[in-house]
Amino acid sequence: MILVFLGPPGCGKGTQAQYLCEKEDFFHLSTGQALRTEIEAQSPLGIRIQDTMASGNYVDDETILELVEKNIAQLKVKNVLFDGFPRTLDQARSFEKLLDRQGKKVGIVAYFSLSDEVLVERIVGRFNCVRCGRVYHDKNNRPLVDNVCDICGGTQFARRDDDTAESLKQRLEKYYESTRLLVDYYKEKKVLVEIDAGQTLDNVTKQLMKTLEPRLSDDKE
Ligand code: AMP
């Protein structure tokens, strides 16, 4: 199944993606994470996009599509979770053509809706394990043992360069200007399900699994 996670920055889609991929057989493609990896490696692409990303602007569609094609070209897995892609109408249309060439289409778009006030609080408190990338939050999602990652035991944590108040303002503007339009786009295609992302992490996971489980078991038959 081709699953897309759509929603504003800080809505918790990355965290839910981690849970889902630990539980179910999904290949997780986060374009944001793929770009951060390019920046860490200081590849030509990484160097070219690092300022754009730190400022909270979107990376151009062409670069994003190249990145997606590169990441899914060799994939043999059946289930892929796209997290943070597509983010513009042009990306969505090109994505459709790309999938079409492989005889596939988007199965479900999970739209995580959340108010701006909660988004700001969630983003400002978040941090991640440097070794495995697991995301935590100062208030509502701390590691079980302080300063030790639940997943890999790593003890070094970091905050994203674009998780500042200024960059967040820009990211929210871009979201409302470009990405929010995809809600109607996928609603018309009858693949959109809305998830109330304002609840506790566990309840959001439950809501998501309730939506996905019937579809996942259908796909396994
Ligand atoms: P994320 O990790 O999904 O919050 O993405 C972090 C940043 O990566 C965004 O603010 C953009 O600068 C860039 N980015 C990630 N995915 C896309 C995309 N599909 N289109 C444009 N820019 C993207």
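FYI, the numbering just counts along the sequence from 1. Each ligand, and each atom within it, is numbered from 1 in the order the structure gives.
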Exercise for review: Start with the C-alpha gap between F85 and L65, add the side-chain angles, then the distance that decides, and say whether side chain to side chain contact (heavy atoms under 4.5 Å, CB included) holds.
Suggested key: CA-CA 9 Å; F85 172 86; L65 284 156; 4.0 Å; yes
**Study point:** Cationic N near anionic O, under 4.0 Å, D163 to R126
**Key:** yes
Review point. Quick one: hydrophobic cluster around F127, which other residues, with the 4.5 Å side-chain cut-off, linked directly or via members?
Key: Y136, F157
Review point. So which residues get pulled into I47's cluster when ILVMFWY side chains under 4.5 Å apart are joined, directly or through others?
Key: none
Please report, to 0.1 Å, the donor-acceptor pairs under 3.5 Å made by any side chain of residues 181-193, with sequence neighbours excluded.
unit_1: Y185; atom_1: OH; unit_2: E96; atom_2: OE1; d: 2.8

**Study point:** Contact residues of ligand 1, where a non-hydrogen atom lies under 4.0 Å away
**Key:** T31, G32, L35, R36, M53, N57, Y58, V59, I64, G84, F85, R87, Q91, R160, D162, R171
**Study point:** Lys NZ or Arg CZ of K174 over Y58 ring: under 6.0 Å, within 45°
**Key:** yes
